[in-house]
Protein chains: 4
Amino acid sequence: MKLRDDKKAGQIFRSVLTLVKEKGLAGITMGEIAKEAGMATGTLYIYFKNKEELINNLFFECRKEALENYFVNYDESLPFKKGFSIVWHNILQFRIENFEEVVLMDQCYHSPFVNDCTVKLTKEMKKPLYKLIERGKKENFFKDVDDMTLLTFMIGSIHEGVKNAHYNRKPLNKAAIDAMFKMCWDGMKR
Amino acid sequence: MKLRDDKKAGQIFRSVLTLVKEKGLAGITMGEIAKEAGMATGTLYIYFKNKEELINNLFFECRKEALENYFVNYDESLPFKKGFSIVWHNILQFRIENFEEVVLMDQCYHSPFVNDCTVKLTKEMKKPLYKLIERGKKENFFKDVDDMTLLTFMIGSIHEGVKNAHYNRKPLNKAAIDAMFKMCWDGMKR
Amino acid sequence: MKLRDDKKAGQIFRSVLTLVKEKGLAGITMGEIAKEAGMATGTLYIYFKNKEELINNLFFECRKEALENYFVNYDESLPFKKGFSIVWHNILQFRIENFEEVVLMDQCYHSPFVNDCTVKLTKEMKKPLYKLIERGKKENFFKDVDDMTLLTFMIGSIHEGVKNAHYNRKPLNKAAIDAMFKMCWDGMKR
Amino acid sequence: MKLRDDKKAGQIFRSVLTLVKEKGLAGITMGEIAKEAGMATGTLYIYFKNKEELINNLFFECRKEALENYFVNYDESLPFKKGFSIVWHNILQFRIENFEEVVLMDQCYHSPFVNDCTVKLTKEMKKPLYKLIERGKKENFFKDVDDMTLLTFMIGSIHEGVKNAHYNRKPLNKAAIDAMFKMCWDGMKR
DNA sequence: AATGAATGAGTATTCATTCAT
DNA sequence: TATGAATGAATACTCATTCAT
């Protein structure tokens, strides 16, 4: 008997990401997804109940993967600035390397496909980032500003930078990245 | 498109903005736009050749309106920091007050509706912002970083902040805005 | 402005009936209905929300038309047997001439298209037939059997006869019809 | 079709009957049949070449089973009215007890699944009923009406009665059955 | 033989666009 | 100009059938 292939869902996800980057969430059809994934349309429906569920799952998966990557090599025992730098660079790196995911997630807000439930779930995942910010404040590195504002500023410094580099086709080099980090740090520091 | 200054075109634009915020660019139909605007579908085609042109025009219009607002009350004769602050706050204010436009513009990247031509036109409009950055550098306020990186950082500090405030339903108060501006300034300043 | 054409719904109904007789309710597609009716598929959806509503409305319409025909020329002042005979022959005639409707209604029971609500509505319409039966009993023509059993017997004598004639391609002639009526009357009479 | 007498084929038949009564022939899928029968879809195709053959076989089987039951306990040596009564009651009893089969057979006319060949085969099986009618006429019990009309009347008296009882959820009791038989007999008798 | 995943043609429905009024 | 009915291509989704295990 042929059993459900665990790789298939991943293949499907990858195809959607490719297509979203090319033509946006708006213009994607199930037929195109299947074609890009090298399978029949019907097969998509074995792995996902419908388009909404497919996109939701992908959105959730992307968010999860992103946040999992953020803390690679981070260790609470490291001095704060070093640790913060690692996380900041992880986020930047992830967004550069996985720009397709970034595009998808951006497009998913306000989209009819992503439901509130999925949005809520992804919020939960942000907690480690808040912990990092709190540590920065407790160790007196950061300004006395509320956590959310600080985190948003940090994310913004990366987010906009990566988008810009991509759309202007100017890959970020070491110098630009260093400058960006310095600006972020200087902005946040007390 | 017939009469650009006709009230009807404006009504149509407004309807699209409302709907995009509600359900994203992906999920909007010409029928819904017409209904929201209180007119018949056919009427849309008197003002716009087709959906693509409608969205493109709106995108262009939003971008233009945005950039026009950015330099209100700005005057080159003002001391730099004062001038920069005015522009920064103008941008923030505009994005808060016209969040629908922000959403539309975000969704338009990667959308099959917005064509390269429109994207190019809007780039042209960014020039005054570059001039501002250059002045900041010439007058030795800003770090010695390339203009685009600085501008992107500035925009990012605002953009992400507004989005965050909106999605978390926490309107930005004076204190938060001051903190945001300070972070931005400290980040950019030499 | 082009206004909704009242004839269209009728045209659509007629097309469905033709097709149901040909291939049964099971095998009919919206595309075929549209083609048979000489219009585009989309047009069907201007007049009916979806397939279910289309079939339901048709079912209801058929039932109504049928019952309206049953009492043509009937008059309470006529002697009972004469009146009963008129109704009986009306029913027979209607079922012969509108065999397509008969087929549709038969197929609609147990079909996923016809919902309980519609079934209930049509029951309401049977009341005049019950009144006829009651009169027959009150005037001592009929056996002392409950109304429903009598009515069912009457209907059965016609229903099965018409179906049989149709499927065996033996149109009912005067002699056969007279025989059928006599059997029905003799069966019911005291 | 492989093994007619295998239990599996029977299970499949039973499942179809259950589903047809629930949702009509139109709305049934091979997947549902398999599920209801507690087996995989693929398995259905071991026993039947395709859906059409499955339904045709079932239709044929139902018809056969029905007609086999009609003459249980009937014996030509019995006095005619007694014999006729036995057959009449057998038919009634069968239709009450096997209402699902009745529904299936009704729905099969006009269905794209049941082909002419199957219809023809079932006609063949009606012969014993015609013989019964002929005997009734030869022994001067019945009206001088052609056989088919008499048989149809007899069947109609039962058919409609059973359907009605079922749909109105009023099981037929002894009194009602006696009344129905009397009406049928009185109608047919000379 | 039995399974259920895979297939892809087919179906209901939607929706941008046109057109008659 | 304005309307909204009509169109039919396009899309999400289904389902009979096949096939690898």
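Quick caveat: nothing in here was measured; it's all calculated off a predicted structure.
Between D:Glu100 and D:Val20, every side-chain heavy-atom pair lies at or beyond the 4.5 Å cut-off. The side-chain heavy atoms of C:Cys108 and C:Asn56, taken from C-beta on, include no pair separated by under 4.5 Å. Using a 4.5 Å heavy-atom threshold, the side chains of C:Arg95 and C:Lys163 count as separate.
Taking atom CG of residue A:Asp6 and atom C1' of nucleotide E:dG4, one finds them 15 Å apart after rounding to whole Å. In this structure, the NZ atom of D:Lys35 is 13 Å from the P atom of E:dA5, given to the nearest Å. A straight line from CG of C:Leu44 to P of E:dT13 spans 10 Å, rounded to a whole angstrom. We find that CD1 of D:Ile12 is positioned 12 Å from C1' of E:dA2, with the value rounded to whole Å. Rounded to a whole Å, the CZ atom of A:Phe48 is 12 Å from the P atom of E:dA6.
If you check F:dA2, E:dA5, F:dA6 against the side chain of B:Ile46, the one that comes closest is F:dA2. Distances from the side chain of C:Met39 to the nucleotides F:dT7, E:dA6, F:dA5 place F:dT7 closest.
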B/S/- along nucleotides 13-18 of chain F (protein heavy atoms under 4.0 Å) is BBSSBB
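Checking E:dA20 for Watson-Crick or G-U wobble geometry (two distances, each under 3.5 Å) identifies F:dT3 as its partner. Partner assigned to E:dA12 is F:dT11, using Watson-Crick or G-U wobble distances below 3.5 angstrom.
For the OP1/OP2 pair of E:dA1 and a distance below 4.0 Å, the side-chain nitrogens and oxygens of D:Lys8 include no atom meeting the criterion.
Checking D:Lys21, D:Arg14, D:Lys64, D:Arg63 one by one against D:Glu101, the salt bridge (charged side-chain N to carboxylate O under 4.0 Å, His left out) holds for a single residue, D:Arg14.
Take the nearest nucleotide of DNA chain E for D:Gly38 and for A:Asp5: the residue whose nucleotide is more 5' is D:Gly38.
Between A:Tyr47 and A:Phe13, the gap from one ring centroid to the other reaches at least 6.0 Å.
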Show the numbers, then the answer: is there a side chain to side chain contact (heavy atoms under 4.5 Å, CB included) between B:Glu36 and B:Ile33?
CA-CA 5 Å; B:Glu36 176 78 27; B:Ile33 295 170; 5.9 Å; no
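The backbone N or O of C:Ala66 sits nowhere less than 3.5 Å from a side-chain atom of C:Asn98 that would complete a donor-acceptor pair.
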